[in-house]
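Quick caveat, the model's predicted, so the values are computed rather than measured.
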Amino acid sequence: QVQLVESGGGLVQTGGSQRLSCAASGRTFSTYAMGWFRQAPGKEREFVAAISWRLATTYYADSVRGRFTISRDNAKNTVYLQMNSLKPEDTAVYYCAADVRSLGRYEATMPQSYDYWGQGTQVSVSS
């Protein structure tokens, strides 16, 4: 069983920065595929970013590429999402997700590929 706990959400102004953290349980965290997704009111959950475990390969949604950075610290069992140049359309609940398998590029962008989810953290960007 894997437990994920997100932190770091809150209110930020347009153009500001915020860093989300996701702490994971499990002794084999270094082998988990990790992802960030978000869900705005009235919208479906969408992919934001993912990172593989083997080579720390990263994937990003077009809407955040160049502004967001996903990273992981296997020694701390933590994955991060650094968000810069935030826009009002980035407002959503952000969820951390994990899977014990190695995910390919396409799989990593699909919510159904992940077996474990955090409770979510709200990010609000004011205009």
Please report the C-alpha distance between M83 and V123 in whole Å, then the side-chain angles of each, then the deciding distance to 0.1 Å, and finally whether the side-chain contact (heavy atoms from CB on, under 4.5 Å) criterion is met. CA-CA 10 Å; M83 304 183 294; V123 173; 3.9 Å; yes
What is the distance from atom OG of S127 to atom NZ of K87, rounded to the nearest 0.5 Å? 14.0 Å
How long is the span from the CG atom in L81 to the CE atom in M34, to the nearest 0.5 Å? 11.5 Å
Verify, without hydrogens or angle tests, whether S17 (side chain) and N84 (backbone) share a donor-acceptor contact under 3.5 angstrom. no
Rounding to 0.5 Å, atoms CH2 (W36) and SG (C22) come to a distance of 5.0 Å
Name all residues meeting the ring-ring contact (aromatic ring centres under 6.0 Å, His included) criterion together with Y94; count only those two or more places apart in sequence or in a different chain, and write none if there are none. none
Output yes when a side-chain donor or acceptor of R65 lies under 3.5 Å from a complementary backbone atom of Y60, and no otherwise. yes
Verify, without hydrogens or angle tests, whether T91 (side chain) and V125 (backbone) share a donor-acceptor contact under 3.5 angstrom. yes
Roughly how far, to the nearest 0.5 Å, is the CZ atom of F47 from the OG atom of S63? 9.5 Å
Looking at E6 and Q119, would you say the former's side chain and the latter's main chain have a donor-acceptor pair under 3.5 Å? yes
Can you tell if the side chain of I70 reaches within under 4.5 Å of the side chain of V79, non-hydrogen atoms only? yes
Membership question, hydrophobic clusters at under 4.5 Å side-chain separation (ILVMFWY): are Y80 and V12 in the same one? no
Would a single hydrophobic cluster contain both V100 and W117, if residues Ile, Leu, Val, Met, Phe, Trp and Tyr are joined by side-chain heavy-atom contacts under 4.5 Å? no
Tell me whether S25 contacts the main-chain N or O of V2 through its side chain, where contact means a donor paired with an acceptor under 3.5 Å. no
Should we say atom CD of E89 is surrounded by more than 12 heavy atoms from elsewhere, each under 6.0 Å from it? yes
Enter the distance from S85:OG to F68:CZ here, rounded to the nearest 0.5 Å. 9.0 Å
Would you say Y114 ends up clustered with L4 if hydrophobic residues are merged whenever their side chains have heavy atoms under 4.5 Å apart, either directly or through other cluster members? no
Side chains of T78 and D73: donor-acceptor distance under 3.5 Å anywhere? no
Under 3.5 Å, which donor-acceptor pairs link side chains of residues 102-112 to any protein atom two or more places apart or in another chain?
unit_1 : atom_1 : unit_2 : atom_2 : d
E107   : OE1    : G104   : N      : 3.1
T109   : OG1    : Y106   : O      : 2.8

Under 6.0 Å from the six-membered ring centre of Y95 and within 45° of its axis: does the NZ or CZ of R45 meet both? yes
Would you confirm whether D99, through its side chain, and A33, through its main-chain N or O, come within 3.5 Å as a donor-acceptor pair? no
Basic-acidic side-chain contact under 4.0 Å: R38, D90: yes
